[in-house]
S.K.: 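The following block contains the structure, expressed as structure tokens.
Within every chain, numbering begins at 1; the chains are lettered A, B, ... in the order of the sequence lines, protein sequences first and strands thereafter.
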Amino acid sequence: MATFQTLPGFREFYPEDLVRRNHIFRLWRQSANTFGFAEYDAPVLEPLELYTAKSGPEIEGQLFSFTDKGGRQVALRPEMTPTVCRLVGAKASALKRPIKWFSIGEFYRYERMQKGRGRCFHQFNADIFGEPGPEAEIELIALLIQCFSSFGLTEQDFHVRLSDRNLWFYFLAALGLDEARIRGVLGAVDRYEKYGDEAFKPYAEQFGPLEESHKARILAFLKINSLEAIERVLAEVESGANGSAAAGSMRARLADWRKLLGAIEAMGLTKFVTVDFGVVRGLAYYTGFVFEAFDRKGELRALAGGGRYDDLVEKLGGPALPAVGFAIGDMTFALLLEQRGLTPKFVAGPEVYCVIGGEAERLAAFGDIHALRAAGFRVDYPMKDLAFGKQFKVAAESGAKVALIYGSDELARGVVKLRDLTARSEVEVPRNEVAAAVRDFLTGA
RNA sequence: GCGGUCAUAGCUCAGUUGGUUAGAGCACAAGAUUGUGAAUCUUGGGGUCGCGGGUUCGAGUCCCGUUGGCCGCCCCA
């Protein structure tokens, strides 16, 4: 039947699908608003260079990119971060600090579909610009947790894994590794959870095998899961040979950790946060704390990810401006809600359904219908004459709480019957009091 | 880019070693029923059997190709 198919990986939202999507967006937006974040939006189509500048030309293979009629190389946006960096960078000196922004938008990546991943998806993005200290991370991690909790998800359902690329850099530098080797090790750490020792293979191929003592210490560092564990490692580094410079940086960094974890505890959110140095996040532009949200059962791919990217605004042509942000994808998140039975089921139907006798009664009903709608009530009625029995059935199935009955008997007496569709009881009200009676009924008066 | 698996009505699926005009349930619509509800009965609309080719007297069924879905690998901003 379908001559034209939906493009592979793209989604269509029928009304019942859009109900669920809107529910998700509504609570995300509400959470961001309660945290004082301002909403923005931006174009879906951007210059290709916006993405190749940040991630290199290889990225183009994963973009919906093409040349437009003006000869411009363009791409559908695969993420929000470069765009928001441009927006903020362009007006940085005029924006009130702290800059707390969020958006909800659709993104496109030319990829093969998998569970929880398609070629188009929506993301909630929240970012704070201009705040170099952990105060920004505190606010964002709290918001991330709220974006999940507001759906009824608990610490049984998800947690936020928190790590720190700064400490990783200081630590690996103390081992005497140069920057290229450090990035190689971080790549292995990123894959370690999935592949175990295999994860170090690419490093070995590029730089030769890792020294055994180094590897043991790296694996121990990877297993850090608490503030106390960080302190133990710090003591080791301080007693190490070329550790003195790195030890100073690590000691200073520990103050940020205390501030961050202290604030999370004060908010009562400790149960949602897991210190886990196995998280480093793949891309190189993160410069400090990084975090990812996962389902507790570990069945789904990442629900959300974020971290600090202090160099990116400047790299994209703006002023030097520290930044932290995170994004939640809608596909995996919807899967989690589905698994936990937390998706809403009902389309918002009418509150009032009008049962109409015939053409003469229809004209009488129209006056009330329009007045009720103008007063803000959701009102529906059959568009063609139907048997009364059928109309009551439709009224009941519509989800309406109340039916208004416009029959010839009633109108002859100057009244309308108001039927309580739940209790199946009726009262008569004078025609000029219909709006008031409906309001009283629906508000429980 | 690679691999596995699947594709019949809006949905879930039957369909015999290849054999008449491709079926059921649900859903939708009409009627029984121009004044009162989730029931019942009757009836109806809806299919190029994903698409293309091949084998055959004959293909939903067998073969090849292709497109698409799902799952995994690579990747994951």
Side-chain angles (χ1 to χ4, degrees), chain A residues 1-12 14-16 46 50-56 58-63 75-85 107-119 121 123 125 127 187 190-191 194-195 198 202 281-286 290 292 299 301-307 309 312 315-316 325-327 329 331-332 335 353-362 382 384-400 402-412 417-426:
Chain A
M1 181 203 59
T3 310
F4 300 105
Q5 296 182 319
T6 315
L7 254 20
F10 282 76
R11 299 184 291 173
E12 292 169 312
Y14 283 83
E16 61 270 29
E46 292 277 15
L50 186 62
Y51 306 110
T52 52
K54 183 185 120 189
S55 310
E58 323 80 64
I59 197 72
E60 195 180 345
Q62 288 167 66
L63 295 176
L76 289 170
R77 61 184 182 191
E79 60 167 327
M80 195 51 123
T81 306
T83 300
V84 71
C85 284
F107 300 88
Y108 308 86
R109 296 178 188 176
Y110 199 87
E111 299 188 279
R112 197 87 175 141
M113 286 84 62
Q114 274 172 57
K115 191 172 188 178
R117 195 169 83 177
R119 285 184 173 181
F121 53 94
Q123 271 189 354
N125 275 262
D127 297 89
D190 191 36
R191 290 176 172 78
K194 202 165 178 183
Y195 299 105
E198 288 286 301
R281 296 198 51 80
L283 265 255
Y285 68 77
Y286 285 109
V290 288
E292 295 184 331
E299 293 170 347
R301 60 177 68 242
L303 293 156
Y309 50 98
L312 196 57
K315 198 176 274 181
L316 291 172
F326 72 84
M331 293 185 75
T332 305
L335 281 174
Y353 195 90
C354 295
V355 172
I356 299 169
E359 282 308 312
E361 291 77 23
R362 178 175 294 266
K384 284 183 282 191
D385 281 352
L386 284 178
F388 261 62
K390 184 77 83 180
Q391 291 191 56
F392 281 106
K393 190 173 166 183
V394 173
E397 287 172 351
S398 75
V402 60
L404 293 177
I405 302 166
Y406 292 86
S408 51
D409 301 350
E410 288 84 354
L411 292 181
K417 265 190 194 144
L418 188 156
R419 180 174 175 86
D420 182 334
L421 288 167
T422 313
R424 302 193 176 201
S425 61
E426 292 175 357

S.K.: With sequence neighbours left out, write down each residue that passes salt bridge (Lys or Arg N to Asp or Glu O under 4.0 Å) with A:R301, or none if nothing qualifies.
M.R.: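 So A:R301 forms no salt bridge (Lys or Arg N to Asp or Glu O under 4.0 Å) with any residue.
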S.K.: For A:E292 and B:C76, what is the distance between atoms CD and C1' respectively, to the nearest whole Å?
M.R.: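 Rounded to the whole Å, the gap is 11 Å.
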S.K.: Could you tell me the separation between the CZ atom of A:R119 and the P atom of B:A77, rounded to a whole number of Å?
M.R.: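 To the nearest whole Å, that distance equals 18 Å.
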S.K.: When the P atoms of B:U8 and B:U43 are compared, how many Å lie between them, rounded to an integer?
M.R.: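 It comes out at 28 Å once rounded to the nearest Å.
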S.K.: Which residues pass the side chain to side chain donor-acceptor pair (under 3.5 Å) test with A:E198, not counting sequence neighbours?
M.R.: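 For A:E198 there are no side chain to side chain donor-acceptor pair (under 3.5 Å) partners, ignoring immediate neighbours.
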S.K.: Find the distance A:F121:CZ to B:C75:C1' and express it as a whole number of Å.
M.R.: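 To the nearest whole Å, that distance equals 13 Å.
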S.K.: Quick check: closest heavy atoms across A:F107 and A:M80, and the distance to 0.1 Å?
M.R.: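 Minimum heavy-atom separation between A:F107 and A:M80: CE2-N, 3.4 Å.
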S.K.: Of all residues at least two apart in sequence or in a different chain, which pass the side chain to side chain donor-acceptor pair (under 3.5 Å) check with A:R119?
M.R.: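 Partners of A:R119 by the side chain to side chain donor-acceptor pair (under 3.5 Å) criterion come out as none, since no residue qualifies.
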S.K.: Between the side chains of A:E60 and A:T52, does any donor sit under 3.5 Å from an acceptor?
M.R.: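 A:E60 vs A:T52: no donor-acceptor pair found between side chains.
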S.K.: Set out, line by line, the N/O atom pairs under 3.5 Å between protein and nucleotides 29-31 of chain B.
M.R.:
none

S.K.: Quote, to the nearest angstrom, the P distance that separates B:A27 from B:G69.
M.R.: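 30 Å, rounded to whole Å.
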S.K.: What interatomic distance, in whole Å, is found between C1' of B:G68 and the corresponding atom of B:C49?
M.R.: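 It comes out at 16 Å once rounded to the nearest Å.
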S.K.: Pairs in or reaching into residues 387-400 of chain A: which pass salt bridge (Lys or Arg N to Asp or Glu O under 4.0 Å), with residues at least two apart or in two chains?
M.R.: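 Of all non-adjacent pairs touching residues 387-400 of chain A, none passes salt bridge (Lys or Arg N to Asp or Glu O under 4.0 Å).
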S.K.: In B/S/- notation, 5' to 3', how is nucleotides 65-73 of chain B contacted by protein heavy atoms closer than 4.0 Å?
M.R.: --SSSSSSB
S.K.: Just call it for A:Q391: base, sugar-phosphate, or nothing, with non-hydrogen atoms closer than 4.0 Å on any strand.
M.R.: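 Contact class for A:Q391: none.
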S.K.: If I pick the C1' atom on B:C64 and the same atom on B:U55, what distance separates them, to the nearest angstrom?
M.R.: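 The answer is 11 Å between these two C1' atoms.
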S.K.: Could I get the full list of salt bridge (Lys or Arg N to Asp or Glu O under 4.0 Å) partners for A:E111, not counting sequence neighbours?
M.R.: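 With neighbours one apart ignored, the set is A:R117.
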S.K.: Can you tell me which nucleotide in B:U36, B:A77, B:U33 comes closest to the side chain of A:Y286?
M.R.: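 That would be B:A77.
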S.K.: A:T422 or A:A387: which one's nearest nucleotide on RNA chain B is closer to the 5' end?
M.R.: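 Here A:A387 is the residue nearer the 5' end.
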S.K.: Could you report the tightest heavy-atom contact between A:E361 and A:G358, atom names first, then the distance?
M.R.: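 Residues A:E361 and A:G358, closest heavy atoms: OE1-N, 2.8 Å.
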S.K.: In whole angstroms, how far is the C1' atom of B:A77 from the CG atom of A:L76?
M.R.: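 The answer, rounded to whole Å, is 16 Å.
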S.K.: Give the rounded distance in Å between these two atoms: CZ of A:F388 and C1' of B:U34.
M.R.: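 After rounding, the reported distance stands at 8 Å.
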S.K.: Please measure how far the C1' atom in B:A24 lies from the corresponding atom in B:A14, and state the result in whole Å.
M.R.: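 B:A24 and B:A14 have their C1' atoms separated by 7 Å.
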S.K.: Name all residues meeting the ring pair (Phe, Tyr, Trp, His ring centres under 6.0 Å) criterion together with A:Y110; count only those two or more places apart in sequence or in a different chain, and write none if there are none.
M.R.: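 Partners of A:Y110 under the ring pair (Phe, Tyr, Trp, His ring centres under 6.0 Å) test: A:F64.
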S.K.: By side chain to side chain donor-acceptor pair (under 3.5 Å), which residues pair with A:E12, not counting sequence neighbours?
M.R.: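 With neighbours one apart ignored, the set is A:T6.
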S.K.: Quickly work out the A:Y406 OH to B:U34 C1' distance and round it to whole Å.
M.R.: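 After rounding, the gap between these two atoms is 19 Å.
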S.K.: Side chain of A:R109: nearest nucleotide among B:A77, B:A38, B:G35?
M.R.: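 Of all the options, the side chain of A:R109 is nearest to B:A77.
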S.K.: Hey, is the side chain of A:R424 pairing donor to acceptor with the base of B:U36 inside 3.5 Å?
M.R.: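 No.
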S.K.: Using a 4.0 Å heavy-atom cut-off across all strands, classify A:G358 as base, sugar-phosphate, or nothing.
M.R.: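 If one applies the 4.0 Å heavy-atom cut-off, A:G358 turns out to touch nothing in the nucleic acid.
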S.K.: Starting at the 5' end of RNA chain B, what dot-bracket string do you get if Watson-Crick and G-U pairs under 3.5 Å are bracketed, crossing pairs use [ ], other-strand pairs use | and unpaired bases use dots?
M.R.: (((((((..((((.....[...)))).(((((.......))))).....(((((..]....))))))))))))....
S.K.: Side chain of A:E361, base of B:G35: donor and acceptor closer than 3.5 Å?
M.R.: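 When only heavy-atom distances are counted, A:E361 does not reach the base of B:G35 through any donor-acceptor pair under 3.5 Å.
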S.K.: Which atoms form the tightest heavy-atom contact between A:D127 and A:G325, and what is the distance?
M.R.: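 Scanning both residues completely, I find the closest heavy atoms to be OD2-CA, 3.1 Å.
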S.K.: Taking only the P atom of each, what is the distance from B:A38 to B:A30 in whole angstrom?
M.R.: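 Roughly 16 Å separates the two P atoms.
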S.K.: Please enumerate all residues that pass side chain to side chain donor-acceptor pair (under 3.5 Å) together with A:E426, with sequence neighbours excluded.
M.R.: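 Once residues adjacent in sequence are excluded, the partners of A:E426 under the side chain to side chain donor-acceptor pair (under 3.5 Å) criterion are A:R419.
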S.K.: Across the strands shown, which category fits A:R191 at heavy-atom distances under 4.0 angstrom: base, sugar-phosphate, nothing?
M.R.: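 Answer is sugar-phosphate: A:R191 comes under 4.0 Å of backbone atoms only.
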S.K.: Quantified in whole Å, what is the C1' atom distance between nucleotide B:U67 and nucleotide B:G50?
M.R.: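 After rounding to an integer number of Å, I get 8 Å for this pair.
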S.K.: Measuring only the C1' atom in each nucleotide, how far is B:C73 from B:G60? A whole number of Å is fine.
M.R.: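 Here B:C73 and B:G60 have their C1' atoms 34 Å from each other.
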S.K.: Just to be sure I understand the rule, does A:D409 reach a base, reach only the sugar-phosphate, or reach nothing, if contact means heavy atoms closer than 4.0 Å?
M.R.: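 It contacts base atoms.
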S.K.: Reckon A:Q123 touches a base, only the sugar-phosphate, or nothing at all at heavy-atom distances under 4.0 Å?
M.R.: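 Counting heavy atoms under 4.0 Å across all strands, no contact is made by A:Q123.
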S.K.: Could you report the tightest heavy-atom contact between A:G407 and A:F388, atom names first, then the distance?
M.R.: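 Here A:G407 and A:F388 meet closest at CA-CZ, 4.4 Å.
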S.K.: How many Å lie between CD on A:E111 and P on B:G1, as a whole number?
M.R.: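 Spelled out: CD on A:E111 to P on B:G1 is 13 Å.
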S.K.: CD of A:E426 versus P of B:U36: gap in Å, rounded?
M.R.: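 The answer, rounded to whole Å, is 10 Å.
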S.K.: Taking only residues two or more places apart in sequence, or in another chain, which ones meet A:E292 in a side chain to side chain contact (heavy atoms under 4.5 Å, CB included)?
M.R.: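 Applying side chain to side chain contact (heavy atoms under 4.5 Å, CB included) to A:E292 gives A:V279, A:R281, A:F294.
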